Amino acid sequence: MADPKGFLTTGRETACTRPVGERLKDWNEVYVPGSLLPIISKQAGRCMDCGIPFCHNGCPLGNLIPEWNDYAYREDWAAASERLHATNNFPEFTGRLCPAPCESACVLGINQPAVTIKNVEVSIIDKAWDSGDVTPQPPERLSGKTVAVIGSGPAGLAAAQQLTRAGHTVAVYERADRIGGLLRYGIPEFKMEKVHINRRIEQMRAEGTKFRTEVEIGRDIDAAKLRRRYDAVVIAAGATVSRDLPVPGRELSGIHFAMEYLPLANKVQEGDFIAPPITAEGKHVVVIGGGDTGADCVGTAHRQGAASVTQLEIMPRPGDERAAGQPWPTFPMLYKVTSAHEEGGERVYSVSTTHFEGDEEGRVQALHLVEVEFIDGRLTQKPGTERSIPAQLVTLAMGFTGTDRANGLVEQFGLELDERGNIARDAEYATDVDGVYVAGDAGRGQSLIVWAIAEGRSAARGVDRYLTGASDLPAPIRPTDRALTV
């Protein structure tokens, strides 16, 4: 145990954010650089080294949280990094982007503020990079087998790295112009600077993984031909079909899916544009959807100089404390104030969009909404609550409905879909097409980054067994596993 009295004597402290007025002038990460290291060892000492650590249950990766907390408390950063990487290929991604279900399941969190597991994680990995403890791990020998991975998000990258280290020759195909999937173009720079992706890609290249950008399987290469070219294929194409809002006025210009809007802002940071083709500058912005993607749109609009930002959510405002029906260690639905929300804007709950209104040139100018409530489990409009708000840029951030079928990938492989529209697979992540496997949101549906990485690692084991007859690779989850709920 790190500090037997740590949870009693040390209060919870989290990373410091830069002043709002300062960070709105740039796209750098919102946290004060280096602010965690002076406090993180004591924070790690709050871990109780529980006999049954439920943080393991909260995290699908099976992270060895008490172990690396102990090493962090003792400032043995190299050992902490080794324990961290034992279960997670990319802790710098999860330490910045995961909503930390491990903290919701922390035993200390039953009646005290939970251990800052996420902050400890990101401190360990950042220290490891700075100290040179993160190095390429090329295989000792090659198997002679080849694998194609379709998609370079967290699931695809995790599968590719595991299979490369197992000795297989792996090529990752990405339809965008850069590697990273949603990590690259769906996550704003202020949440995760892309240097963290870039140096992981270089590590993977040094290990032997090949990358092919601007190649869309189904359009640029026939999926059946790809299958014949490789010994196995892993589909990690994500669930990229955005949920639409089919109401009158949807056809007006200025209404965009979040994943049409956010990538352009990231491309400015990559140097592709001086200014984004879709910008919030000087406009009244409405973001429809109250999740993390919606918050990303809010923060992006602030930095682009929006005149106002309003975020709409159809569900009621969550509470500040755990509801009785969401007991520990389940992940509770709580009112969350992200860094983007700290920067301004209005959040409106329990409302539904009825229609959009445009000007003579077909550009959106206003959004009409109505308050809603649940009666006997049905969503019902409240009479007399209709109103309009100015809207010159609208982003739809209401989630995703499944993997892309328009490019022909599903049909060309001849894949079966499950009842939810995801690609069907068995307990080994294999589809009904010989040698073709599925990992991440393409098979699970929209989920968290930790589930994507866990799926990539697990699917890699299935592929390794298919190619060699046995595998020593870990498989932290089954395709049917889900987060703990009531």
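All heavy atoms count here, side chains included; hydrogens, waters and symmetry mates do not. Model, not experiment: these values are computed from the prediction.
Contact detail for Val247 and His355: the closest heavy-atom pair is CG2-CA, 4.1 Å. For Val351 against Val348, the heavy-atom pair with the smallest separation is CG1-CG1, 3.6 Å. Taking both residues in full, the closest heavy atoms of Arg303 and Asp26 are given as NE-O, 3.4 Å, listed atom of the first, atom of the second, then distance. Gly95 approaches Val122 most closely through the heavy-atom pair O-CB, 3.9 Å. Closest of all the heavy-atom pairs between Arg178 and Tyr185 is NH1-OH, 2.8 Å. Between Pro476 and Ala454, the shortest heavy-atom contact is CG-O, 3.7 Å.
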Q: Before giving the answer on salt bridge (Lys or Arg N to Asp or Glu O under 4.0 Å), spell out for Lys336 and Asp292 the whole-Å C-alpha distance, their side-chain angles and the decisive distance to 0.1 Å.
A: CA-CA 10 Å; Lys336 187 167 65 172; Asp292 287 339; 3.0 Å; yes

(Q) Could you walk me through whether Thr87 and Asn63 satisfy the side-chain hydrogen bond (donor to acceptor under 3.5 Å, both in side chains) test, starting with their C-alpha distance in whole Å, then the side-chain angles of each, then the deciding distance to 0.1 Å, before giving a yes or no? (A) CA-CA 6 Å; Thr87 56; Asn63 282 336; 2.6 Å; yes

Q: Might you work through the side chain to side chain contact (heavy atoms under 4.5 Å, CB included) test for Asp434 and Tyr466, ending with a clear yes or no?
A: CA-CA 10 Å; Asp434 182 57; Tyr466 171 79; 2.9 Å; yes

Q: List the steps, then state whether side-chain hydrogen bond (donor to acceptor under 3.5 Å, both in side chains) holds for Thr164 with Thr209.
A: CA-CA 6 Å; Thr164 297; Thr209 304; 2.7 Å; yes

**Q.** Criterion side chain to side chain contact (heavy atoms under 4.5 Å, CB included) on Gln365 and Arg363, from CA distance to verdict
**A.** CA-CA 6 Å; Gln365 293 297 305; Arg363 296 174 300 199; 4.2 Å; yes

**Q.** Cys297 and Leu262: CA distance, side-chain angles, deciding distance, side chain to side chain contact (heavy atoms under 4.5 Å, CB included) verdict
**A.** CA-CA 7 Å; Cys297 292; Leu262 293 173; 4.1 Å; yes

Q. So Arg199 and Glu202, salt bridge (Lys or Arg N to Asp or Glu O under 4.0 Å) or not? Walk me through it.
A. CA-CA 5 Å; Arg199 58 189 179 186; Glu202 291 310 307; over 6 Å; no

Q) Going through the distances and angles, do Arg212 and Glu174 end up as a salt bridge (Lys or Arg N to Asp or Glu O under 4.0 Å)? A) CA-CA 6 Å; Arg212 307 280 187 265; Glu174 169 57 54; over 6 Å; no

**Q.** Worked check of salt bridge (Lys or Arg N to Asp or Glu O under 4.0 Å) between Glu342 and Arg23
**A.** CA-CA 11 Å; Glu342 294 173 350; Arg23 67 192 196 225; 2.9 Å; yes

Q) After noting the C-alpha distance and the side-chain angles of Ile65 and Val120, does the key distance pass the side chain to side chain contact (heavy atoms under 4.5 Å, CB included) rule? A) CA-CA 9 Å; Ile65 295 165; Val120 177; over 6 Å; no

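Under the 4.5 Å side-chain criterion, counting only non-hydrogen atoms from C-beta, Tyr71 is not in contact with Glu82. Put simply, the side chain of His168 reaches to within 4.5 Å of the side chain of Lys145, judged on heavy atoms. Counting only heavy atoms from C-beta outward, the side chains of Leu163 and Thr169 never approach each other to under 4.5 Å. The closest side-chain heavy-atom distance from Ile187 to Phe93 is not below 4.5 Å. Counting heavy atoms from C-beta on, the side chains of Tyr349 and Pro318 come closer than 4.5 Å. Residues Ile150 and Val233 are in side-chain contact: their nearest non-hydrogen atoms beyond the backbone lie under 4.5 Å apart. Contact annotation: the side chain of Gln137 never approaches that of His85 to less than 4.5 Å [non-hydrogen atoms, C-beta and beyond]. Side-chain contact between Leu312 and Val286 is present, with heavy atoms from C-beta onward closer than 4.5 Å.
Not a single donor-acceptor pair under 3.5 Å links the side chain of Gln161 to the backbone N or O of Ala158. Panel note: side chain Asn119, backbone Ala15; a donor-acceptor pair is recorded below 3.5 Å. Judged purely by atom type and a 3.5 angstrom limit, Gln446 has no side-chain atom pairing as donor or acceptor with the backbone of Asp441. Looking only at distances, a side-chain donor or acceptor of Ser152 sits under 3.5 Å from a matching main-chain atom of Gly180. Distance alone, capped at 3.5 Å, places no donor-acceptor pair between the Arg83 side chain and the Trp68 backbone. Side-chain atoms of Lys225 never come within 3.5 Å of backbone atoms of Ile221 as a donor-acceptor pair (strictly under, hydrogens ignored). No donor-acceptor distance shorter than 3.5 angstrom exists from the side chain of Glu193 to the backbone of Val195, with no hydrogens or angles considered. The main-chain N or O of Ala78 is never found under 3.5 Å from a side-chain atom of Ser81 such that the two would form a donor-acceptor pair. Here the side chain of His284 pairs no donor or acceptor atom with the backbone of Leu393 at under 3.5 angstrom. Remark: the backbone N or O of Ala280 is paired with a side-chain donor or acceptor of Gln304 at under 3.5 angstrom.
Of the charged side-chain nitrogens involved, none lies within less than 4.0 Å of a carboxylate oxygen, so that Arg18 and Glu29 do not count as a salt-bridged pair. Ion pairing between a basic and an acidic side chain is recognised when a charged N comes within 4.0 Å of a carboxylate O; Arg465 and Glu428 show such pairing. For Asp126 and Arg96, the salt-bridge test passes: some basic side-chain N is under 4.0 Å from an acidic carboxylate O. Asp220 and Arg175 are not joined by a salt bridge, as no carboxylate oxygen comes within less than 4.0 angstrom of a charged side-chain nitrogen. Salt bridge status for Lys194 with Glu270: absent, with no side-chain N to carboxylate O gap under 4.0 Å. Salt bridge Asp481/Arg478: present, at least one basic N to carboxylate O contact under 4.0 Å. A salt bridge is absent between Arg165 and Glu140; no separation between the charged side-chain nitrogens and carboxylate oxygens falls under 4.0 Å. We find that Lys118 and Glu121 are not joined by a salt bridge, their nearest charged nitrogen and carboxylate oxygen being 4.0 Å or further apart.
Taking CD1 of Ile179 as the start and CG of Asn198 as the end, the distance is 10.5 Å to the nearest 0.5 Å. Rounded to the nearest 0.5 Å, atoms CD (Gln392) and CG (Asp359) are 9.0 Å apart. Atoms CG and OH, on Leu36 and Tyr31 in that order, are 9.0 Å from each other to the nearest 0.5 Å. To the nearest 0.5 Å, atom CG of residue Leu97 and atom CD1 of residue Ile449 are 5.0 Å apart.
Counting heavy atoms of neighbouring residues, nucleotides and ligands inside a 6.0 Å radius, atom CZ of Arg205 exceeds 12 of them. Atom NZ of Lys267 has more than 12 heavy atoms from other residues, nucleotides or ligands within 6.0 Å.
Taking the ring centre of Phe400 as origin, the terminal cationic atom of Arg243 falls outside the region bounded by 6.0 Å and 45° from the ring axis. By the 6.0 Å and 45° rule, Arg444 does not stack over the aromatic ring of Tyr429.
Residue Ile117 is tested with Cys102, Pro101, Pro66 for a side chain to side chain contact (heavy atoms under 4.5 Å, CB included); the sole match is Cys102. Of the residues Asn89, Asn88, Ile477, the one that meets the side chain to side chain contact (heavy atoms under 4.5 Å, CB included) test with Leu61 is Asn88.
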